[in-house]
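Okay, so here's the structure we're looking at.
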Amino acid sequence: SKGWLRIFCVLTVFVSLFAISLTQSRGAFIGLIVIVLVWISQRSNYITTRNYGKKILTIIVLIMFSSFFFPQSYWERMETIFEEGNTGSGRMTIWPRAIKMMEWNPQGVGPGSFTTVYGRYLKAGRFSTTGDISRARAWETAHNSYLLVGVELGFIGLALYIMWLVGMLTVISRLKAVI
């Protein structure tokens, strides 16, 4: 089954790259870079030049695939990663507001209620004004899972969410040791 498992993993990588190119998500692009860097830096019990060469060859194939199949519009969008005015969500405006919402509602506002409550607070003038006029409208979202969970489920829900993530990573590391 290792052969089929390897084929499945390779197909998953290419499908994931294709999905990243379709969504043009800058966060997914950064995540991809982090995953590749972690994978390169991983050490195993059988470090050899051959295994390291396989990693380098894999990265070269991924770069060639992404540069050939990703449209020019994708790369133009990636160039705007640090430009606040070009982001679709105005994260630097919405994130501090989400933290304020957590302070005002430590118990949470309810699952799936972030955009509604954000809009109500915005309409009521509870947020300080910023120069970001395009973010002065309701129904925005934080584009940050920790802030969304913190606002919607409160501090206790956020703590449980983080504990769940840590538990999941612990299980994955144990499975990696077994495999």
For this session: Starting from Leu22, walk the hydrophobic network (Ile, Leu, Val, Met, Phe, Trp, Tyr; side-chain heavy atoms closer than 4.5 Å) and list everyone else you reach, by chain and number.
Result: Phe18
For the [atom1] atom of [X] and the [atom2] atom of [Y], what is their distance to the nearest 0.5 Å?
X	Y	atom1	atom2	value
Ile94	Leu122	CD1	CG	9.5 Å
Met64	Ile59	CE	CD1	14.0 Å
Leu165	Leu160	CG	CG	11.0 Å
Ile20	Leu32	CD1	CG	4.5 Å
Leu147	Met101	CG	CE	10.0 Å

Less than 4.5 Å apart, side chain to side chain, heavy atoms only: is that true for [X] and [Y]?
X	Y	answer
Met102	Leu158	yes
Tyr161	Leu153	no
Phe29	Thr23	no
Thr58	Val13	no
Gln107	Ile156	no
Val117	Val151	no

Pairing residues for [X] by the side-chain contact (heavy atoms from CB on, under 4.5 Å) criterion, not counting sequence neighbours:
X	result
Val15	none
Ile7	Trp4, Leu11
Leu57	none
Leu148	Phe114, Thr141, Ala142, Glu152

Problem set entry | Shortest non-hydrogen contact between Gln24 and Met78, atoms and distance | O-CE, 3.6 Å
Problem set entry | side chain to side chain contact (heavy atoms under 4.5 Å, CB included) between Leu169 and Trp164, intermediate numbers included | CA-CA 9 Å; Leu169 292 173; Trp164 173 72; over 6 Å; no
Exercise. Above 12 or not: heavy atoms from other molecules or residues under 6.0 Å from OH of Tyr146?
Worked result: no
Exercise. Got a sec: does the CE of Met168 have more than 12 other heavy atoms crowding it under 6.0 Å?
Worked result: yes
Could you tell me which residues satisfy ring-ring contact (aromatic ring centres under 6.0 Å, His included) with [X], sequence neighbours excluded, listed by chain and number?
X	value
Tyr74	Phe70
Phe8	none
Phe155	none
Phe127	Trp104, Tyr118

Exercise. With distance as the sole test, does Ser25 use its side chain to make a donor-acceptor pair with the main-chain N or O of Ala28 at under 3.5 Å?
Worked result: yes
Problem set entry | Residue list, salt bridge (charged side-chain N to carboxylate O under 4.0 Å, His left out) with Glu103, at least two apart or on another chain | Lys100
Seminar exercise, completed: Residues at least two apart in sequence or cross-chain that pass side-chain hydrogen bond (donor to acceptor under 3.5 Å, both in side chains) with Thr170, listed by chain then number, are none
Problem set entry | The single option from Val34, Ile33, Ile35 passing side chain to side chain contact (heavy atoms under 4.5 Å, CB included) against Leu37 | Ile33
